[in-house]
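Throughout, a chain's letter reflects where its sequence line sits, starting with A, and its residues are numbered from 1.
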There are 2 protein chains.
Amino acid sequence: MSNLARKRPTIHDVAEAAGVSRGTVSRVLNGKSNVSLSAETAVRRAVAETGYVVNRAARSLVTSRTGSIVMVLSEPQERLFEDPNFSVLMRVATNQLADLDMSLVLMIAGDDGGRERVARYLRGGHADGALLVSTHAGDPLLEEIERAGVPAVACGAVLGRESVIPYAAADDRGGARAMTEYLVQQGRKKIGMITGPLDTPGGSLRLEGFTSVLGRKAGKQMIVHGDYTQAGGEAAMERLLATVPDLDAVFVASDLMAAGALQALHAAGRRVPEDVAVGGFDDSAIASATRPALTTVRQPLAQVAEETVRLLIALLDEREADPVVLPTDLVVRGSA
Amino acid sequence: MSNLARKRPTIHDVAEAAGVSRGTVSRVLNGKSNVSLSAETAVRRAVAETGYVVNRAARSLVTSRTGSIVMVLSEPQERLFEDPNFSVLMRVATNQLADLDMSLVLMIAGDDGGRERVARYLRGGHADGALLVSTHAGDPLLEEIERAGVPAVACGAVLGRESVIPYAAADDRGGARAMTEYLVQQGRKKIGMITGPLDTPGGSLRLEGFTSVLGRKAGKQMIVHGDYTQAGGEAAMERLLATVPDLDAVFVASDLMAAGALQALHAAGRRVPEDVAVGGFDDSAIASATRPALTTVRQPLAQVAEETVRLLIALLDEREADPVVLPTDLVVRGSA
DNA sequence: ATGAAAGCGCTAACAG
DNA sequence: CTGTTAGCGCTTTCAT
C-alpha cells in the first residue's frame, strides 16, 4: 500500500494513459462534440483507471466560474431553527446542485458582521450565484448583491424586489384566504389575526389574504403583529384577548406562533376550539404536537425549493427565470 | 458608472499601485514577517484603493488548500429538520470559519447517492477538512473519509471511532443519569425508557446512563427503541404501555419522541405527570410547546459546536485534538 | 479531430 | 528585505 504518498493524477496523467493530448482529455471531460469515438473511450477508460478527478481550482482559474453557489440565510438564529422551509430547501439544493457538480456554500447574514462577510465573499467572486432565503424587504445586503453582479434568486419573494429577484414561493395570500374562509364557514364571527413581521412575504401577504376575505370586518383592533417566535405568539394572543375579549377565532401566521397563542388561550381559560378556533400556517412538525393539534395551511416546500433552484440554474445559463407561485393546502385538525 | 465591465483587480494591479513587486504584495497578504513597514502600508493602501480581493482559485492552485470545509449531514431528512444541534452548529461553524477566511460547504449523505457524492468530493480534494454531524456507527462513509485522507472531526461522538475521529459532545450519559435520578427522587418506582437508535451516541449513551442508575430494575421489558421521530415515540410508548401497563414514569431520549409519547399517554387515558412522569432530552423548541411542557435535559449546543470547530481547526494546523465532553442541565417543567 | 502552447492569478523558492 | 521566476492544473485558441 505505497499509494499513500502518490499524488493525485492530473489531466496530464490521463492523457498519457489514454495516449492522447491534454487538450483532447479536456474536451472529453467537458463534453465537447469534436472528439472521435475512439479517443473518447480511451479517455474514459484512462479516467477510470487513474481515478482522476478534476482539480476545481485549476478549472476555476481559467473559466472564472467557481462551481459553487452561496445560500444566504438572513434569518436571526432563533427562527432559522424552526423554519421547515430551510432544511427542505437545503436538501433539495445540495442534491440538485450536486447533479451539476456544483456545491452549496452556506452563509448566515443575520447581523451586520454576517452581511459584510457575505458581501466580501460575493465581491470576491467566490460564488457563481446566490440563493436568498427569507430575505427581508430593504435588507442592505440586496444592494451589495446587485453591486457584486451575482445572479440571485430567492426562496419566497423579496418584498419590493419581486421584479428584480426571481423567486419561487407558496401562495401565501391564497393560503391565508382559504384559512380565513374556512373559519367563516365554521360560523366564526369575530376573527382576529396574529401576523408575522410585515417586511416578510409571510407577514404581509398572509395579512392581505385575511383582510381580502373579511373586508372591513378585519378592523385594526383585530390585528396584532408577532415575530414568528412562540413567545411572540403568546404575547400577541394576550394583547388580542385584552382588546377583543369576545373574539371566537384567530388566524395565526405561523404554527410556532400558534403554539404560543394556544398557551395564552389556555392560560386565559378559553377552550380551543369550542370558545376560540385557532388556525396556523406552515404545517410544521409542531402543528401535530400541540393540543389540540393545529388546523393549518400546508406549503409545498419541496416543490418551492426545487423551483427556486431551477430558477437559479436558469439564471446562470442566462435563460428566462420567471417567478413561480405554488398552491397551498388546508389541513384540518383539532384546533379549528 | 463605466465600472461595470472593469475586470477585477489582480495582485499585479495592486503591486503596480503600491510600487512594489507581486511577491511583496503576496507576502503582505499572507502575513509574512519579512516585509518593511513602508512596503506594508503602501500595499495595504493599494489594496483598499483598488478594491482588491484575492482570487481563491489561483491561491488554491498553488497552495493546494481549498479554503473550504465540508459539513456532512448523515441524517435522514426528517430528523435533520428537528435537530436543534444542527442549526446551532451551522451558525457557529460558518462564523468561526469565516474569521479564518474559510467557507462551509454543505453536503447531505442521507442515502447511497449522497454518500457517493461526498466521497467523490472528498477524493477530489475539494475540501480541507470534514465536519461530521450525527454520523452513525459503521457508516460506510467513514472509510471513504479515511481513504481520502481528509482531516475530520465529529459533532457528537462517532461510536466505535471515538479514538480515531476527534469529537465534541454533550455528556449524554451524565444527562441521562441526572434525569433518571431525578425521576427516582420524585418517588417513581416503575420507570421505562424509550431510546434512540443504538448506533448513535444519543441512543446508546443515554440508555447507558439510564441503566447505570436503575441497575437490574431497568429490565429488558422496560426499554423500547424509537427512531427519534414523533410518530416513533408515540408507537414506542404504546408498546411500552402494553407490556408494562403499571409504569409510573418514562424517560424518552429526545423531546420530539417525548411529544409523541405524551400523545400516546393521553390517548391511553393516563395523566401526565400524575399517573406517568415523562422526561425528555434536548430541550428543543417543542419541549415548551407540549402540554404539559417537558421536563428535559438541556445540552450546551453552542459550546459543543464551538468546540467541534475548534477541534477541526486544530487538526488542520496539525495540533492536538482531544475529545471534549460538556456537561448538561436538567430543566424541570410540568411533565415530571 | 487533435496536438501544441499560451496563459488564468497566485505563492514560494531563489538570488540578491 | 525585495524583485524575479517557475510553476500549480486546467481550458482554449490556433494551427494542422
- Query: Are any of S26(A)'s side-chain N or O atoms less than 4.0 Å away from OP1 or OP2 of dT11(D)?
  - Reply: yes
- Item | Residue-phosphate contact under 4.0 Å: S36(B) side-chain N/O, dT2(D) OP1/OP2 | yes
- Message: Ignoring hydrogens and geometry beyond distance, is a side-chain donor-acceptor pair present between R117(B) and N95(A) at under 3.5 Å?
- Response: yes
- Task: Looking at every strand, decide which applies to R56(B) at a 4.0 Å heavy-atom threshold: base, sugar-phosphate, or nothing.
- Result: nothing
- Message: side-chain contact (heavy atoms from CB on, under 4.5 Å), that's the test. Do M71(B) and M90(B) meet it? Break it down for me.
- Response: CA-CA 8 Å; M71(B) 180 155 155; M90(B) 205 184 59; 4.3 Å; yes
- Message: Heavy atoms from C-beta onward define the side chain here; which of dT2(D), dT12(D), dC10(C) lies closest to that of V35(B)?
- Response: dT2(D)
- Task: Indicate yes or no: does E49(A) engage R44(A) in a salt bridge with an N to O separation below 4.0 Å.
- Result: no
- Message: Is there a side-chain contact between K32(B) and the phosphate of dT11(C), meaning an N or O under 4.0 Å from OP1 or OP2?
- Response: no
- Task: Could you tell me whether N55(B) contacts a base, only the sugar-phosphate backbone, or nothing, with contacts defined as non-hydrogen atoms closer than 4.0 Å?
- Result: sugar-phosphate
- Atom-to-atom span, NE2 of H12(A) to P of dA5(C) - whole angstrom: 14 Å
- Salt bridge check: are R91(B) and E306(B) linked by an N-O gap of less than 4.0 Å? no
- 5'-most contact on DNA chain D (nearest-nucleotide basis), A58(B) vs N34(B), goes to N34(B)
- Message: Between dG9(D) and R8(A), counting only base atoms on the nucleotide and side-chain atoms on the residue, is there a donor-acceptor pair under 3.5 Å?
- Response: no
- Query: Atom CG of L61(A) to atom P of dT11(C): distance rounded to whole Å?
  - Reply: 12 Å
- Message: Looking at E146(A) and R161(A), is there a salt bridge between them, counting it only when a charged N and a carboxylate O are closer than 4.0 Å?
- Response: yes
- Selected nucleotide, minimal atom distance to V62(B) side chain, candidates dG9(C), dG7(C), dT5(D): dG9(C)
- Message: Between P on dG3(D) and CD1 on I11(B), what's the gap in Å once rounded to a whole number?
- Response: 12 Å
- The reported gap from CG in L104(B) to OG in S68(B) (rounded to nearest 0.5 angstrom) is 9.0 Å
- Rounding to a whole Å, what distance do you find between L29(B):CG and dA12(C):P? 12 Å
- Query: For the pair made of CZ in R59(B) and C1' in dC10(D), what is the distance, rounded to whole Å?
  - Reply: 20 Å
- What nucleotide, of dA12(C), dT13(D), dT11(D), holds the atom closest to the side chain of N30(A)? dT11(D)
- Message: T50(B) vs D13(B), test: side chain to side chain donor-acceptor pair (under 3.5 Å). Steps then yes/no.
- Response: CA-CA 8 Å; T50(B) 54; D13(B) 303 316; over 6 Å; no
- Starting from the first five and the last five pairs of the helix from dA1(C)-dT16(D) to dG16(C)-dC1(D), work out the angle between the resulting helix axes, to 10 degrees. 40°
- Message: Just the rounded figure in Å: distance from P of dG7(C) to CZ of R22(A).
- Response: 15 Å
- Query: Can you tell me how far the CZ atom of R319(B) sits from the CG atom of L311(B), to the nearest 0.5 Å?
  - Reply: 10.0 Å
- Item | Nearest-angstrom distance from the residue atom NE2 of H126(B) to C1' of dC10(D) | 13 Å
- Task: Report which part of the nucleic acid T24(B) touches: base, sugar-phosphate, or nothing (heavy-atom distance under 4.0 Å, all strands).
- Result: sugar-phosphate
- Message: From C-beta outward on R27(B), which listed nucleotide comes closest to its side chain: dT11(D), dA13(C), dG9(C)?
- Response: dA13(C)
- Gap between atoms CD and C1', on E16(B) and dG3(D) respectively (whole Å): 15 Å
- Query: What's the closest nucleotide to the T10(A) side chain, out of dC10(C), dG9(D), dT2(C)?
  - Reply: dG9(D)
- Message: Heavy atoms only, 4.0 Å cut-off, all strands: where does A57(B) land among base, sugar-phosphate and nothing?
- Response: nothing
- Task: Could you please name the option among dG3(D), dC1(D), dT11(C) that lies closest to any side-chain atom of V20(B)?
- Result: dG3(D)
